[in-house]
Amino acid sequence: MIDKYIPAEIEPRWQARWEADRLYEMRSDDSRPKWYALTMFPYTSGDLHIGHWYAMAPSDVFARFKRMQGFNVLHPMGFDAFGLPAENAAIKHGVHPYTWTMKNVENMRRQLKSIGAVYDWSREVVTCLPEYYKWTQWFFIKLWEAGLAYRAKAPVNWCPACKAVLANEQVVDGSCWRCEAPVARRDLEQWFFRITRYADELMRHDHLDWPERIKTMQANWVGRSEGTEIAFALESGDSNTSGNPGEIKVFTTRPDTAYGVTFMVLAPEHPLVASITAPDRRTAIDEYIRQVRMRTEIERLSVDKEKDGVFTGAYATNRLNDERVPVFIADYVLLSYGTGAVMGVPAHDERDFAFAKRYNLPMKVVIAPPNWQEEEALSGAYTGPGRMVNSGMFNGTINTDGARDITKHLEAQGWGCPSISYKLRDWLISRQRYWGAPIPMIYCKQCGLQPVPERDLPVLLPEDAEFRPGGDSPLTYHKVFLKTTCPNCGGQAQRETDTMDTFMCSSWYFLRYCSPHCSEAAYDSRQVQQWMPIDIYTGGADHAVMHLFYARFFVKALRDMGLLSFNEPFLRLFNQGVITCQHQKMSKSKGNVVNPDDYVQMLGADTVRAYIMFVGPWEQGGDWDDSGISGLSRFLNRVWTLALEPYKIKNWDEAAERALQRTTHQTIRRVSGDMERLHFNTMLAALMEYASQLNKARETGGISEHLWNESVQALLLMIAPTAPHLAEELWARRGLPYSIHSQSWPKWDEVLAQAETIPLLIQVSGKLRDKLLVAPDIAEDEARTMAMASAKVQAHTSGKEIVQCIYVPGRLINLVVRP
RNA sequence: GCCGGGGUGGCGGAACUGGCAGACGCAGCGGACUUAAAAUCCGCCGGAGCAAUCCUUGUGGGUUCAAAUCCCUCCCCCGGCACCA
């Protein structure tokens with residue numbers, strides 16, 4: 001009588017043993033090929049929910065698979081620990097953000113350990129610790145020295161709830177990505193990173209094995225478009241302004257419509273607005289600007305909103321045809337895109353059409369729509385192709401050629417030039433909050449902006465800050481923190497009080513894992529050389545633009561400083577799907593968070609790991625439903641019995657012996673292939689089938705003891721990545737050498753995996769009528785003869801003429817009859 | 001509106017390059033074991049029909065000897081982008 005499978009007894013025991021033996025710690029003198037398997041590290045929110053398991057367990061299975069395949073696998077874990085929730089907890093419950101965060105780290109570390117993963121905890125990284133953020137600050141200074149960090153006054157996204165500015169990427173549908181409060185605009189002096197310098201490189205993903213979806217999203221985010229910059233001569237509306245009022249530059253992707261301009265529009269924030277506004281228009285203009293500034297992003301971005309604007313009183317001249325057109329301001333024109341000014345061509349642009357309709361501006365057709373009878377009024381903007389009309393010397397040209405020709409003409413006259421615009425904006429990294437890495441800069445009245453010298457890093461967060469609701473960052477009130485001396489002249493100076501966007505911390509953590517305790521540098525170059533780039537990076541698709549984009553920018557910037565020697569950090573990217581609860585995103589506020597601890601307690605980590613992977617394709621995610629988990633619990637119990645109950649041979653049978661051997665090799669082939677493609681659900685289905693085959697073989701007792709043992713061992717090896725504790729326990733109980741996780745992944749033999757007979761499908765006119773067991777390499781003639789001999793086939797062919805015979809070797813024969 | 005992914009039994013899903021639709025599991029039904037229950041094991045399990053057979057992969061059409069798979073139309077769901085000139 002064998003004892004029962006009790007995961008709660010087995011799992012902690014093996015976890016303790018693995019830790020004591022340092023089974024998963026990496027050694028740099030290891031001669032095996034390296035494999036860096038990275039899972040996105042969790043934010044320290046407090047508890048691990050089932051979604052975390054869904055991210056962590058399958059990636060651990062894959063890392064274990066790679067280990068068994070002979071790779072030296074680095075699969076580290078850490079915590080993204082700076083950020084607003086910690087500070088909110090401080091304000092709400094009076095607990096220090098550090099205390100709150102580290103308590104969460106401790107709890108989450110315990111939960112993560114219960115997964116039974118191969119994480120090397122000696123490499124753990126926590127981004128809010130000075131030993132880590134010292135180097136985040138160091139990177140800031142490096143970027144500043146390289147001219148990639150700058151301070152600028154600009155209209156920024158302000159979240160009134162978080163009381164901090166947001167990067168463009170953090171504004172989702174006009175709302176804050178974290179708290180969903182509507183975002184407002186503010187003019188503030190802030191720190192930016194020049195990510196736009198890398199726009200072209202960031203939209204390319206050469207040689208990267210990434211989901212098409214993510215590559216497209218990133219390319220769209222960069223939003224490169226090629227067009228033409230055209231300068232219009234300006235005639236000031238203010239007659240008091242003396243001298244040359246200058247020109248307005250616009251960016252357009254449709255230079256072919258340049259003869260159709262009937263008005264111009266500037267963004268309300270455009271610097272020219274103040275100087276061109278006519279005195280009698282000033283009040284109206286100021287009022288409009290005031291209104292626009294009060295609008296939230298949501299209102300401003302609303303497509304349904306009528307396009308409103310105000311006439312400035314100024315006129316501009318289209319140099320191509322010397323036509324004089326009025327200049328407006330309107331908030332459908334964005335300061336941040338192109339030149340912040342557009343030419344209005346109502347006949348050929350939908351937005352301009354709507355604007356012209358509203359303000360009764362003239363329209364001029366310059367691209368002939370199909371069947372156009374020279375009528376002036378169109379029912380809507382015509383944006384399709386056509387021949388150019390009303391366009392002077394370009395009349396009759398196809399508009400696509402005209403775009404090129406007009407640009408050449410403008411360039412020759414000095415009125416314009418080809419130009420490229422991007423949607424991508426520079427990365428705003430300042431945050432007016434406490435719980436982040438302080439920006440290591442000093443303001444000196446004498447010497448100006450000074451970086452904190454490297455020897456003075458880290459700039460520590462003061463522990464005794466006060467957390468008050470509604471206020472600015474506690475750092476701005478902290479006199480001791482604020483006051484410092486200038487590193488250049490030694491005089492009195494002030495510290496920068498902004499902290500960095502937490503995405504800054506997560507942009508380089510994968511480098512820190514390579515040498516987590518390096519104290520003289522952010523990382524040991526030799527170690528980074530050895531491990532980077534990352535072979536597979538797994539995590540949620542919600543980081544498609546923010547984190548992945550910033551991390552790529554970081555790597556490219558460091559490369560250009562000579563600090564790294566590769567172009568891309570993540571060679572293969574895989575996004576697991578989202579686990580929902582009652583078809584809603586899990587969140588603490590909704591109270592629908594599924595905690596895995598109870599399942600682990602009752603059924604064991606191995607069962608939870610297996611179930612998570614079995615429910616469907618990993619990339620698909622799904623709604624959490626525990627009704628099927630018993631199936632996996634049963635399966636692991638079957639494996640337990642299978643491995644421990646002694647085998648007794650009854651009557652040896654050569655055919656049975658060969659059949660099981662064949663099944664074993666076929667299963668190894670299937671499981672290995674599924675593993676490589678991360679198809680864990682079908683991988684487990686294959687193992688279940690194999691286990692039931694083994695059960696049948698035991699019942700029959702027709703195979704040798706040797707083959708039985710070999711087959712059971714193959715099963716244990718193949719299930720080891722999925723159910724590491726169970727496999728280790730059974731491996732030990734069968735008297736095999738510790739540890740199963742140091743064994744090689746089983747190999748299959750194509751010859752042994754080959755089927756002796758295959759079912760040949762017999763079709764008549766494409767419909768299945770019979771199946772015959774034949775040798776896989778049966779010749780067509782023979783197959784046809786056998787097919788014709790089948791009674792079931794004859795029932796459908798008798799009296800009919802066979803007009804065609806299609807033979808697919810090893811699969812089917814199809815006899816096509818004339819009806 | 002644009003881009004991407006998807007729609008298969010009561011449910012989660014499988015089907016590799018166009019070649020047996022429904023693997024594997026859940027739920028359900030029947031049986032064995034048991035005084036009984038749980039657990040375990042075995043069998044059945046898309047629909048219609050006594051049967052041969054026919055129907056069935058969101059809808060309608062097409063290509064093909066053969067379509068869940070390829071092409072076109074429409075409907076629905078999920079994700080992303082959305083005044084980007």
Side-chain angles (χ1 to χ4, degrees), chain A residues 4 172-174 211-221 223-225 227-228 250-254 257 265 267 300-305 307 330-334 336-345 348-352 354-355 421-424 541-542 544-545 575 577-578 580 583 610-611 614-617 619-623 625-632 634-635 637-638 641 670 673-674 677 679 681-689 691-692 695 699 759-768 770-771 792 795 803-808 810-817:
Chain A
K4 272 182 72 181
V172 179
D173 293 333
E212 213 51 47
R213 187 166 55 109
I214 306 294
K215 292 197 269 187
T216 310
M217 275 165 75
Q218 292 203 344
N220 288 344
W221 192 259
R224 176 191 158 103
S225 55
T228 306
V250 302
F251 172 78
T252 179
T253 52
R254 294 294 305 274
T257 65
V265 189
R300 192 167 171 176
L301 291 175
S302 165
V303 183
D304 311 323
K305 195 193 71 156
K307 300 211 177 336
D331 75 343
Y332 81 87
V333 175
L334 311 172
S336 56
Y337 185 76
T339 60
V342 301
M343 57 184 207
V345 186
H348 304 292
D349 181 280
E350 277 159 30
R351 294 151 302 180
D352 296 344
F355 193 77
S421 269
Y422 298 91
K423 276 164 53 176
L424 182 67
D542 43 336
V545 270
N575 297 115
V578 180
T580 52
H583 301 281
Y611 180 58
F614 186 68
V615 285
E619 64 261 52
Q620 202 174 287
D623 202 52
D625 171 10
D626 61 12
S627 65
I629 200 167
S630 54
L632 276 297
R634 270 175 224 159
F635 168 59
N637 268 293
R638 270 201 296 276
T641 320
R670 261 175 86 184
D674 281 344
R677 286 173 296 152
H679 290 185
N681 54 333
T682 48
M683 179 271 288
L684 277 164
L687 288 179
M688 287 173 178
E689 282 180 64
S692 69
N695 249 330
E699 295 284 304
L760 186 75
L761 311 177
I762 317 295
Q763 295 182 340
V764 178
S765 293
K767 291 212 192 262
L768 184 71
D770 203 0
K771 280 182 212 178
K792 288 178 187 165
V803 291
Q804 202 184 350
C805 175
I806 286 144
Y807 178 63
V808 183
R811 268 192 202 273
L812 62 82
I813 186 156
N814 186 7
L815 304 168
V816 185
V817 296

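Fair warning: this is a prediction, and the values are worked out from it, not measured in the lab. The sequence lines fix the lettering, A, B, ..., with proteins before strands; numbering per chain opens at 1. No hydrogens, no waters, no symmetry mates; every other heavy atom, side chains included, goes into these values.
Listed nucleotides: B:A85, B:C24, B:G4. Nearest to the side chain of A:Phe251: B:A85. Of all nucleotides listed (B:A23, B:C83, B:A85), B:A23 comes nearest to the side chain of A:Glu689. Distances from the side chain of A:Thr252 to the nucleotides B:C83, B:A85, B:C24 place B:A85 closest. Here B:A85 is the nucleotide among B:A85, B:A66, B:C20 with the atom lying nearest to any side-chain atom of A:Val342.
Heavy-atom nearest nucleotides on RNA chain B were determined for A:Met217 and for A:Ser336, and the one closer to the 5' end corresponds to A:Met217.
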Please tabulate the protein-to-nucleotide N/O contacts below 3.5 Å involving nucleotides 7-15 of chain B, giving atom names and distances.
from: B:G12; atom 1: O2'; to: A:Val615; atom 2: O; distance (Å): 2.5
from: B:G13; atom 1: OP1; to: A:Gln620; atom 2: NE2; distance (Å): 2.8
from: B:A14; atom 1: OP1; to: A:Asn681; atom 2: ND2; distance (Å): 3.1

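Distance check on atom P: B:A82 versus B:C20 gives 44 Å, rounded to whole Å. Separating the P atom of B:G47 from that of B:A38 is a span of 26 Å, rounded to the nearest Å. Separation of the C1' atoms belonging to B:U69 and B:C54 is 24 Å when rounded to the nearest angstrom. Taking atom P in both B:C11 and B:C16, the straight-line distance is 22 Å, to the nearest Å. The gap from the P atom of B:A51 to that of B:G19 amounts to 31 Å, rounded to the nearest Å. Separation of the C1' atoms belonging to B:C55 and B:U8 is 16 Å when rounded to the nearest angstrom. Going from the P atom of B:G80 to that of B:A27 covers 34 Å, rounded to whole Å. Using atom P as the reference point in both B:U17 and B:G5, the two lie 16 Å apart (nearest Å).
Put simply, the side chain of A:Glu212 and the base of B:G5 share no donor and acceptor less than 3.5 Å apart.
In this view, A:Glu699 satisfies the salt bridge (Lys or Arg N to Asp or Glu O under 4.0 Å) rule with no residue, not counting sequence neighbours. Applying the salt bridge (Lys or Arg N to Asp or Glu O under 4.0 Å) criterion to A:Arg634, with sequence neighbours excluded, gives no partner residue. With sequence neighbours left out, the ring pair (Phe, Tyr, Trp, His ring centres under 6.0 Å) criterion links A:Phe355 to A:Phe263, A:Phe328, A:Tyr332, A:Tyr359.
When heavy atoms are screened at a 4.0 angstrom cut-off, A:Val816 is found touching the sugar-phosphate backbone but no base atom.
For A:Leu812 and B:G19, the CG to P distance is 10 Å, given to the nearest whole Å.
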List the protein contact pattern of nucleotides 40-56 of chain B with one symbol per nucleotide (5' to 3'): B for base contact, S for sugar-phosphate-only contact, - for none; contact means a heavy-atom distance under 4.0 Å. SS------------SS-
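Note on A:Ser225: a side-chain N or O is less than 4.0 Å away from OP1 or OP2 of B:A85.
Pairing analysis of RNA chain B (Watson-Crick: purine N1 to pyrimidine N3 plus N6-O4 or O6-N4; G-U wobble: N1-O2 and O6-N3; both under 3.5 Å) yields stems of 3 or more pairs at B:1-7 with B:75-81, B:10-12 with B:24-26, B:28-32 with B:40-44, B:46-48 with B:53-55, B:60-62 with B:70-72.
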